[in-house]
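As structure tokens, the structure follows; a few thoughts come after it.
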Amino acid sequence: MAIRFLNTYTRTLEEFRPLDSARKTVKLYTCGPTVYNYAHIGNFRAYLFEDLLQRHLEASGYQVNRVMNLTDVDDKTIRGCHAAGLPLAEFTQKFKDAFFEDLKTLRVKPATTFPSATDPVYIARMIEMIAHLVEHECAYQAEDKSVYFRLNKFPDYGKLAHLNLDELRPSGRISNDEYEKESIGDFALWKAWDEADGDVVWDSPWGKGRPGWHIECSAMATALLGPEIDIHCGGVDNIFPHHEAEIAQSECCTGHRFVRYWLHCAHLMVEGQKMSKSAGNFYTLRDLLDKGWTGREIRYVLLSVNYRLPLNFTFESLAGARSALSRIDEWVARLTEKAGGELNASAHPLATQKRFQQALDDDLNISGALGVLFDVIRGSNRALDEGNLTPADARALLGWWDSANSVLQFQHEEEAIPQAVLDMLTARAAARAAKDWAQSDVLRAQIDAAGWIVKDSKDGQKLTRK
Ligand SMILES: [Zn+2]
């Protein structure tokens, strides 16, 4: 069976045929983070679905050239650097570093390229594209000195989001702050400098200013991947206006269809509610690590719901991930013991491998793929219990697990002890030195709740993963 994706553009399930199917290469563009803060778990849901996509394509024999941009200039980064009293580049570097660390924690394979919008190469490319659009009357400079895309030059605008363009293009001037534009839907390609920008500024043929967010992605995508891209991903929030704008700008510049397959993941909710700081249910990855959850557990939860469905993130689902992963760990340990030697990677149980792959081929149906995995675990555990599993079977199963895990990345690895747990250990050592046994027990329970077991020996406290 061929790989099929639900294409947001057509709203149909389409067989995946990349531009260069002979060489089996895939050009993949994924909108990256705005580096003004730590990324939250809603952001990571999108990055994990993209990781699953990349790893499944690679397991299917494709070579993936993936670009993920870093938005390091926009209203939020500018506000942030001014509030911190730092130059923009210094302010955003901290969050770029944190982002890369977070990707590692979640076992996300790094993109081939992580271009930054403020890289002079891409700023030059943005200016070049805007100049082309102005020259072809697809863009104009307004009274406020900013340059806008002229929407009525691109009749396909709205097709990705399935919106009616006429509704977006009311006649006449709408509101005071929009009076400079010819039409309300016209979006900024180049934003003229204003006081709030401070020293964040570039020269351009239209005067001093900075690029708009949408043109950043078009410039980096086409510069690194060429005029036509196989797959472009993001969250549903990106569809309108960001991805519509990317299509309009890119296609007016290059004359090619910009993207063949658009894939968008649905929203993430927390405990059934929209995640927001005011609701008190807003979590960065770091917040969850501080609570004692691991990157592997968070990866499991964020990955385990099909990307087109809304994901309800709960602490119960994290606990469920912890027990599912320990089932996998125990199963792998039992098979390893039974196999008693080297893996036999050539002896994959073919039927199982096929079912797992077919599930993912079907628009990345991860629930189906996990269903296959746990069927296999159940079946082989039973065979082990009954003494019906040979060392050769165990080796074959481990070989299959190796290939499945190349996509899932659920395999147990010796993990670093979280700082929060280390702090509790230190506090517990102090309590024990002071013979405060009650406090020592309280801390033991807290360490236990964080997923670790502490034992006391004559050499001090010993910590193991639950
Ligand atoms: Zn983008």
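Ligands are counted one by one from 1 in listed order, and the atoms in each one are counted from 1 as well. Residue numbers start at 1 and run along the sequence shown.
Rounded to 10°, the angle formed at the Zn ion (ligand 1) by NE2 of H242 and SG of C31 is 120°.
Distances from the Zn ion (ligand 1) to each N, O or S atom of E246 single out OE2 as the nearest.
Here C217 reaches the Zn ion (ligand 1): one of its N/O/S atoms is less than 2.8 Å from the metal. Checking H214 against the Zn ion (ligand 1), every N/O/S atom stays at or beyond the 2.8 Å cut-off.
A salt bridge is absent between K109 and E50: the closest approach of a Lys/Arg side-chain nitrogen to an acidic carboxylate oxygen does not fall below 4.0 angstrom. Of the charged side-chain nitrogens involved, none lies within less than 4.0 Å of a carboxylate oxygen, so that E244 and K159 do not count as a salt-bridged pair.
Each of F258, Y9, Y157, W262 was compared with H243 under the ring-ring contact (aromatic ring centres under 6.0 Å, His included) criterion, and only W262 meets it. Residue D72 is tested with T34, T92, T118 for a side chain to side chain donor-acceptor pair (under 3.5 Å); the sole match is T118.
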